[in-house]
Amino acid sequence: MPAKRSSIADRLLAWYDVQARALPWRALPGTPAPDPYRVWLSEIMLQQTTVATVRPKFAAFTERWPDFAAFAAADDAEVMAAWAGLGYYARARNLIACARAVVADHGGRLPDTEAELRALPGIGDYTAAAIAAIAFGRRAVAVDANVERVVARLFAIRESLPAARGAIRQAAGSITPDARAGDLWQAMMDLGQAICTPRAPKCLLCPLAQDCDGRATGAPETFPVKAPKRVGPQRYGTIFWLERGREVLLVRRAPKGLLGGMRALPTGPWEAAPPGLAAAPADTDWELRNATISHVFTHFRLICALAVARGGAHETAGEWWPIDRLDEAGLPTLFLKAARAVRREG
DNA sequence: TAAGCGTGGCG
DNA sequence: TCGCCAAGCTT
């Protein structure tokens, strides 16, 4: 390995030995490797999700389901409800499927090779490499958004994403040490979170400043170059609040697609124009409220009207849920916003 | 390859 | 207020 390449790993690992963040799923340098179950769970939770958001959910999940056997035996609805608020709900569905595959096909233990990990539900290239390196000490190359940014800057890679992925991956491989690869990637994540940040990197604090071609250009923040993002459309919908006594009607959304498998308030279609009372869950006197609920999803912005009906017994498909225990239903954020609006307006 | 898929924080 | 961004995966 060229001298510059090996010195990057050495410098970063030395920095990590001193600066590593203490995290509930992480073994600090010099301590035994962490429980693969905890590494797996944390890696899935951390996909596109910040450490601050994951912390309390990780604590709740590991307390309730401490290992693969417990998780594989969990009730689907309980897992989905526990995941509520984390977003990207396919992760929760895949989590269940993965735990059951681990128990059924791997004797209750996570396999320790990248290829076998990659074959499990919800585990892609990055997560397979991260688990192999962090939990099993393999020399795997785990390229997440942090590593992508740090490496693109270190080597001043001018090709734009996503086309640059190949070059970045190759550069990352070139600095991967035979030992402590897992620590190197975790170090890059800490570095990317605290120092090599997207907008205004703190190069004066960076242990790799002397190695960094991007810094040498005078504009490290311009790496990696990204293709312009397409702006999402605006869509309109209606959220239905149907009360019976002190209960409200909830439904279970279709198993796949947006908010798939989650408990929810009934909604109509989400379209380019406000759908009004189309697809109402009951034929009754709906009161359309003035308040609207706006919510931003990854690829579109949603503005929902709120339709409220109270009193009388309605024959509807769904689940009547106590209003004063709505926080236990595991509703995605969109519906929590609607519930708050109803509470506000009475 | 590109699109679909949540949410909260930050500048 | 708004756009960007985050320990990505699936189809």
Side-chain angles (χ1 to χ4, degrees), chain A residues 21 23-26 34 38-58 80 83-95 97-98 117-135 140-150 161-166 172 182-194 196-201 221 224 226-235 253-262 264 270 294-302 330-337:
Chain A
R21 281 181 294 178
L23 297 171
W25 47 85
R26 171 184 284 182
R38 294 167 69 86
V39 174
W40 164 75
L41 181 61
S42 67
E43 286 298 340
I44 303 298
M45 285 187 166
L46 286 162
Q47 288 167 3
Q48 303 285 284
T49 309
T50 60
V51 167
T53 302
V54 166
R55 269 184 188 275
K57 289 290 186 184
F58 180 82
M80 299 309 288
W83 191 272
L86 269 183
Y88 286 135
Y89 297 99
R91 291 185 293 171
R93 303 194 297 268
N94 286 331
L95 210 58
C98 183
L117 289 162
R118 181 68 179 80
L120 289 165
I123 298 183
D125 289 340
Y126 161 75
T127 304
I131 294 173
I134 295 169
V141 184
V143 182
D144 75 318
N146 289 295
V147 174
E148 207 165 74
R149 185 171 61 256
V150 172
L161 291 173
R165 293 254 153 79
D183 280 352
L184 184 74
W185 307 129
Q186 293 183 90
M188 281 213 186
M189 291 167 202
D190 285 11
L191 190 76
Q193 195 274 328
C196 196
T197 53
R199 306 219 182 156
E221 71 281 1
K226 295 193 176 180
K229 202 184 300 184
R230 164 181 97 78
V231 290
Q234 186 150 291
R235 291 185 190 159
R253 291 180 61 84
K256 293 189 177 180
L258 193 66
L259 308 177
M262 297 300 287
W270 294 345
S294 63
H295 193 72
V296 179
F297 291 105
T298 309
H299 52 299
F300 67 96
R301 174 188 304 270
L302 180 66
L331 295 178
T333 299
L334 169 66
F335 304 111
L336 292 180
K337 288 182 182 175

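Quick note on labels: first sequence line is chain A, next is B, and so on, each numbered from 1.
- Looking at which nucleotide of DNA chain C each of A:Leu46 and A:Arg301 is closest to, the 5′-most match is held by A:Arg301.
- Among all heavy-atom pairs drawn from A:Ala142 and A:Trp185, the shortest one is N-NE1, 3.5 Å.
- Mapping heavy-atom proximity under 4.0 Å, the span of DNA chain C touched by chain A runs 5' to 3' from C:dG3 to C:dT10.
- Note that CZ of A:Arg253 and CE of A:Met262 are 10.0 Å apart. Values are rounded to the nearest 0.5 Å.
- Contacts of A:Arg21 with the nucleic acid, taken as non-hydrogen atoms under 4.0 Å apart, include base atoms.
- Mapped onto DNA chain C by nearest heavy atom, A:Pro121 and A:Val51 fall at different nucleotides, with A:Val51 at the one closer to the 5' end.
- When all heavy atoms of A:Gly260 and A:Arg93 are compared, the pair lying nearest together is O-NH1, 2.8 Å.
- Remark: A:Asp190 pairs with A:Arg21, A:Arg26 by the side chain to side chain donor-acceptor pair (under 3.5 Å) rule, at least two apart or across chains.
- Taking all atoms of both residues into account, the shortest heavy-atom contact from A:Ile44 to A:Arg91 is O-NH1, 3.0 Å.
- Spacing of P atoms, C:dC9 relative to B:dG8, comes out at 22 Å, to the nearest Å.
- Here A:Leu23 lies in heavy-atom contact (under 4.0 Å) with a base.
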I would like to know whether A:Trp25 and A:Val54 meet side chain to side chain contact (heavy atoms under 4.5 Å, CB included); could you show each step before the answer? CA-CA 11 Å; A:Trp25 47 85; A:Val54 166; 3.9 Å; yes
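- Residue A:Arg118 is classed as a sugar-phosphate contact, given heavy-atom separations below 4.0 Å to backbone atoms only.
- When all heavy atoms of A:Pro24 and A:Arg55 are compared, the pair lying nearest together is CD-NH1, 3.7 Å.
- The gap from the C1' atom of C:dA7 to that of B:dA2 amounts to 23 Å, rounded to the nearest Å.
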Going 5' to 3' through nucleotides 1-11 of chain B and flagging B where a protein heavy-atom sits under 4.0 Å of the base, S where only the sugar-phosphate is that close, and - otherwise, we get ---SBBBS--S
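- By the 4.5 Å heavy-atom criterion applied to side chains, A:Leu23 and A:Val51 are counted as neighbours.
- At the heavy-atom level, A:Ser42 lies nowhere under 4.0 Å from the strands shown.
- Two rings, from A:Phe297 and A:His295, have their centers less than 6.0 Å apart.
- Contacts of A:Trp25 with the nucleic acid, taken as non-hydrogen atoms under 4.0 Å apart, include base atoms.
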